[in-house]
Undergrad: 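One structure follows; several queries about it will come next.
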Protein chains: 2
Amino acid sequence: MTDPAFEAHDHHACIVDGVAAVERACVARGLQLTQTRKRVLEILLSEHKAMGAYEILDVLRAEGLGSQPPVAYRALEFLTKHGFAHRIERLNAFIACSHFGDAHAPVFLICRRCNSVAESRSDVAKSEIGRIAKGAGFVIERTVREAEGLCPKCVEAA
Amino acid sequence: MTDPAFEAHDHHACIVDGVAAVERACVARGLQLTQTRKRVLEILLSEHKAMGAYEILDVLRAEGLGSQPPVAYRALEFLTKHGFAHRIERLNAFIACSHFGDAHAPVFLICRRCNSVAESRSDVAKSEIGRIAKGAGFVIERTVREAEGLCPKCVEAA
DNA sequence: CCTTAGTCGTTATGATATTTCATAGCAACC
DNA sequence: GGTTGCTATGAAATATCATAACGACTAAGG
């Protein structure tokens with residue numbers, strides 16, 4: 001039950017499948033996956049790592065797709081708003097969604113050594129944070145659940 | 001089982017007790033609670049809300065305790081490093097610790113309407129994120145668990 | 001055609017955080 | 001007393017992350 005993000009795998013398929021899934025979702029929901037938005041998604045999918053907005057912007061700039069911060073932030077806003085990407089608060093960075101279609105709240109495992117990030121999902125209501133909120137009479141709208149540490153490979157290497 | 005942060009309470013006692021507890025801990029551990037560090041702690045304790053580093057810096061500046069960003073960041077680093085305060089990643093802001101002496105990892109409930117923040121604790125090993133990490137062979141060193149939503153009072157008001 | 005919602009390009013600015021170099025204070029030691 | 005090591009501070013500059021605001025373009029529906 002280790003996570004693909006921490007294992008060797010057919011990564012080209014990750015990208016192709018990821019883009020295809022988002023394209024389908026956009027058609028289904030009447031959203032416009034414009035060139036810049038699509039390219040930002042591909043950039044995010046290119047590795048199982050979180051990327052900063054300016055890092056993404058550098059790539060866009062090199063390709064003539066835009067050079068100013070709002071270009072990257074607008075694309076990222078679109079992708080995160082519709083669940084095609086997520087923001088990692090701990091890193092002030094972004095990552096493509098890898099559990100598409102699943103409505104549960106994301107949980108991230110961030111390796112501080114190789115910088116890979118694995119996404120998992122779990123039902124907030126059944127989680128510790130859900131129980132705590134319930135006990136306090138607090139109504140949760142959004143959760144941030146991120147763990148920092150070492151992935152299996154880096155544990156072994158260390 | 002609602003949280004004090006969301007209820008009326010003797011807040012002056014929060015501040016006095018909070019500072020006293022940290023003073024004791026510093027003596028016990030041989031740490032120096034310098035004037036700036038102590039003042040930053042008091043500022044953080046002044047409300048059950050998270051404060052930005054520059055907001056804190058404004059207060060220090062007004063009191064002649066320092067005017068450059070590193071002054072605030074150094075004090076905050078000291079306080080967070082030793083568990084006297086926490087960083088709220090979702091807000092890029094800081095809050096005084098309210099579960100002093102308890103070693104478990106913090107969980108925060110952030111009200112988006114009144115900005116109050118309640119701190120709770122739970123054992124990572126027994127939490128959802130702990131189970132997920134274990135399943136993935138991931139070794140957790142630090143967790144970020146924050147829920148955003150409405151506190152009991154604000155739910156009622158809405 | 002015309003309106004309108006959505007998107008895009010650009011300038012400027014705001015907000016948060018760190019690096020860097022220099023200095024002050026203090027205690028241990030010879 | 002002088003040196004060393006350590007911790008904390010001061011000050012300037014810069015790096016990094018994010019948004020506001022405005023005008024222009026475009027495609028879809030009336």
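Excluded from the calculations below are hydrogen atoms, water molecules and symmetry mates; all remaining heavy atoms, backbone and side chain alike, are included. Computed from a prediction, not measured in an experiment: that's the story for all the values here. Chain letters run A, B, ... following the sequence lines, proteins first, then strands; residues in each count from 1.
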Undergrad: For B/Phe108, which residues count as a ring-ring contact (aromatic ring centres under 6.0 Å, His included) partner, sequence neighbours excluded?
TA: B/His86
Undergrad: Is the backbone N or O of B/Val144 less than 3.5 Å from a side-chain atom of A/Glu146, with the two atoms forming a donor-acceptor pair by type?
TA: no
Undergrad: Could you list the donor-acceptor pairs under 3.5 angstrom formed between side-chain atoms of residues 23-34 of chain A and any protein atom two or more places apart in sequence or on another chain?
TA:
from: A/Glu23; atom 1: OE2; to: A/Lys38; atom 2: NZ; distance (Å): 2.8
from: A/Arg29; atom 1: NH1; to: A/His82; atom 2: O; distance (Å): 3.4

Undergrad: Evaluate A/Val107 against B/Glu128 for side chain to side chain contact (heavy atoms under 4.5 Å, CB included), listing each step before the verdict.
TA: CA-CA 9 Å; A/Val107 175; B/Glu128 194 70 5; 5.5 Å; no
Undergrad: Under a 4.5 Å cut-off applied to non-hydrogen side-chain atoms, are B/Arg112 and A/Arg142 in contact?
TA: no
Undergrad: Identify the two heavy atoms, one from B/Glu77 and one from B/Thr80, that lie closest to each other, and give their separation to 0.1 Å.
TA: O-OG1, 3.2 Å
Undergrad: Report, one pair per line, the protein and nucleotides 4-9 of chain C atoms (nitrogen or oxygen only) whose separation is under 3.5 Å.
TA:
from: C/dT7; atom 1: OP1; to: A/Arg37; atom 2: NH1; distance (Å): 3.0
from: C/dT7; atom 1: OP1; to: A/Arg37; atom 2: NH2; distance (Å): 3.4
from: C/dT7; atom 1: O5'; to: A/Arg37; atom 2: NH2; distance (Å): 3.2
from: C/dC8; atom 1: OP1; to: A/Thr34; atom 2: OG1; distance (Å): 3.0
from: C/dG9; atom 1: N7; to: A/Arg74; atom 2: NH2; distance (Å): 2.4
from: C/dG9; atom 1: O6; to: A/Arg74; atom 2: NH1; distance (Å): 3.2

Undergrad: What pattern of brackets, bars and dots sums up DNA chain D from 5' to 3', given Watson-Crick or G-U wobble pairs under 3.5 Å, [ ] for crossing pairs and | for another strand?
TA: ||||||||||||||||||||||||||||||
Undergrad: I need the CG-P distance between B/Leu33 and D/dT7, as an integer number of Å.
TA: 17 Å
Undergrad: Quick one: CG on A/Leu60 to CZ on A/Arg39, what's the gap to the nearest 0.5 Å?
TA: 7.5 Å
Undergrad: C/dT16 C1' sits how many Å from B/Ile88 CD1, rounded?
TA: 16 Å
Undergrad: Using ring centroids (six-membered ring only for Trp), state whether A/His99 and A/His104 fall under 6.0 Å.
TA: no
Undergrad: Could you list the protein-to-nucleotides 14-18 of chain D atom pairs, N/O on both sides, closer than 3.5 Å?
TA:
from: D/dA18; atom 1: OP1; to: A/Arg87; atom 2: NH1; distance (Å): 2.6
from: D/dA18; atom 1: OP1; to: A/Arg87; atom 2: NH2; distance (Å): 2.2
from: D/dA18; atom 1: OP2; to: A/Tyr73; atom 2: OH; distance (Å): 3.0
from: D/dA18; atom 1: O5'; to: A/Tyr73; atom 2: OH; distance (Å): 3.3
from: D/dA18; atom 1: N7; to: A/Tyr54; atom 2: OH; distance (Å): 2.8
from: D/dA18; atom 1: N6; to: A/Tyr54; atom 2: OH; distance (Å): 3.2

Undergrad: Classify the side-chain pair A/Arg131/B/Ser122 by whether it contains a donor and acceptor separated by less than 3.5 Å.
TA: no
Undergrad: Checking A/Arg113 now: which residues fulfil side chain to side chain contact (heavy atoms under 4.5 Å, CB included) with it, not counting sequence neighbours?
TA: A/Cys111, A/Leu150, A/Cys154, A/Ala157
Undergrad: Taking atom C1' of C/dT18 as reference, at what distance in whole Å does atom CG of B/Leu76 sit?
TA: 14 Å
